[in-house]
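Side chains included, hydrogens not; waters and symmetry mates left out as well; all remaining heavy atoms used. Convention: sequence-line order gives letters A, B, ...; per-chain numbering from 1.
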Amino acid sequence: MVDRARACAEWEAALPLQALGALEGEEARNVTDHVRQCPACAQRVRDFEAAADSLAFAVPAATASAGVRIELLRRAAEPQPARRPASIWLRPLRVPAWAGAVAAALLVAVPAASAAAILNEHATAQRQGARLTALERQVASPLPDRSLAARVVSLPGSAAAPTAAGELAWYPSLGQVALAVHRLPPASAGRSYQAWLLRDKEWVSLGMLVTNAAGEGRLLVPLPATLAAYDAFWLSEEPVGGSAQPNGPKIIVKRFA
Amino acid sequence: VRACAVRDLRALEAVYDRWHRPVLGLLLRMLDDRGHAEDILQEVFYEFWRTAAAGPLEHVVLPNWLFRRARHRAIDLVRQQGVRARTAATLASFAPELGDDPAEDAWLRLRNQEVRRALLALPDDERRVLTLCYFGGLTQSEVAAATGAPLGTVKTRARRGLQRLEAALRGEAWTERQLEERTRHG
């Protein structure tokens, strides 16, 4: 503690310039190291940064050329770079409240299948009565406006899940496909739902589908090709780590016309 | 931000329309070239779009995040590519002016007035240090050279300037003694 107090005293005078990004060389490195280890000095830097941020408002605002906005929106609407089917990536999921801070740190960085595995374990607790507030918020959070979708396909439940239903929406401007399913039965122990597209007899995984207590789930994933390039959509029950192709019970099967 | 995270283009449009003007104002104050300023402006908002999609922006103060990214990019451009910045002399004599654009929204105009008043209330030497660091992207050594003040004095002026600015924006006016006490006690 004495060492830290001494370090605080040593670097105190440099904190405002750290906030302004005006330190150089070894002093900048030393102050950065100290701030990383000292919550009190980190807070002081944040306070100085907040004061510095306000300076931006001291100058008159200016309107950009129309071309900046047009080009920005054009770039933003470009599809994600094409990915091999095996590496299609599920957006990191928001962490359920019951998963705790440690799980939160893990979940934001792990691939879809691992996230689903962790969440599926907790789903057991949820079925036993634990509240699933954060997951429910995630499941309920809005997908892109359906009116922007170029194609929306209704998904009926199969004999294995007759009450299940959902929609698949394709957004060419976003290069993404959204899946929203409801009234799914709880997955069996050690298993979870996995969404698929079939193309020329080849299965493309869209990722693992996490559901809440009401059997609702959603996915938003990159889709490089148009939905018309695929022959069918499947939702199957698979081991929580996911499968290379659907092997488990078919929950939803939809062949595209 | 949340809507941008699910790639809702209308949300990006709303964020751009709301915040691009103060961000461009900052960039035009830092760079002596509108083309470079608009290039950075577009890159910052595109970076925001991509970063929001990855999810870590939910709790940021949006304008502050945009200002910081714009400022870092402008400083990089000046330091690494030799793009012309405002000269230290121009910056040192900077007296913040009020925008008179009729398109300015009321909140922005009020915020501009409030910060401008707080900045103008600072002692000249403190305002000069903040201006050179923030708008000029100068390091402490460069500020020392530009103002002829020793490094220790530059540090003191930066600290007092930021503390006074923060206090003024909270509606407080601190005496020298209060500044000293705050420095001692954190």
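- A salt bridge links E114(B) with R111(B): the distance from a Lys NZ or Arg NE/NH1/NH2 to an Asp or Glu carboxylate oxygen falls below 4.0 Å.
- Take A51(A) and apply the side-chain contact (heavy atoms from CB on, under 4.5 Å) test, not counting sequence neighbours, and it matches L162(B), E166(B).
- The candidate from L73(A), L55(A), L15(A) with the greatest count of non-hydrogen atom pairs under 4.5 Å with chain B is L55(A).
- Using a 4.0 Å cut-off between charged side-chain N and carboxylate O, R75(A) and E43(B) make a salt bridge.
- Neither the backbone nor the side chain of R117(B) comes within contact range of chain A, judged by heavy atoms closer than 4.5 Å.
- Heavy atoms closer than 4.5 Å to chain A are found in the side chain of W19(B), but not in its backbone.
- With chain B as partner, the option from S65(A), A14(A), A19(A) having the largest number of non-hydrogen pairs under 4.5 angstrom is S65(A).
- Residue contact with chain A, scored on non-hydrogen atoms closer than 4.5 Å, involves the side chain of D17(B) exclusively.
- E126(B) contributes no side-chain N or O that, together with a main-chain N or O of P123(B), makes up a donor-acceptor pair within less than 3.5 Å.
- Contacts of A50(A) with chain B are made by backbone atoms alone, with heavy-atom separations under 4.5 Å and no side-chain atom involved.
- For F67(B), the part lying under 4.5 angstrom from a heavy atom of chain A is the side chain only.
- Proximity to chain A involves both the backbone and the side chain of S141(B), based on heavy atoms less than 4.5 angstrom apart.
- For R157(B), the salt bridge (Lys or Arg N to Asp or Glu O under 4.0 Å) criterion is met by D125(B), not counting sequence neighbours.
- Per-residue heavy-atom pair counts under 4.5 Å with chain B were compared for Q43(A), R69(A), E71(A), E27(A), and the maximum is reached by R69(A).
- A donor atom on one side chain and an acceptor atom on the other are not found under 3.5 Å apart for D33(A) and Q37(A).
- Relative orientation of the Y16(B) and H20(B) rings is parallel, given thresholds of 30° and 60° on the angle between their planes.
- For the options S54(A), G21(A), C41(A), heavy-atom pairs under 4.5 Å to chain B are most numerous at S54(A).
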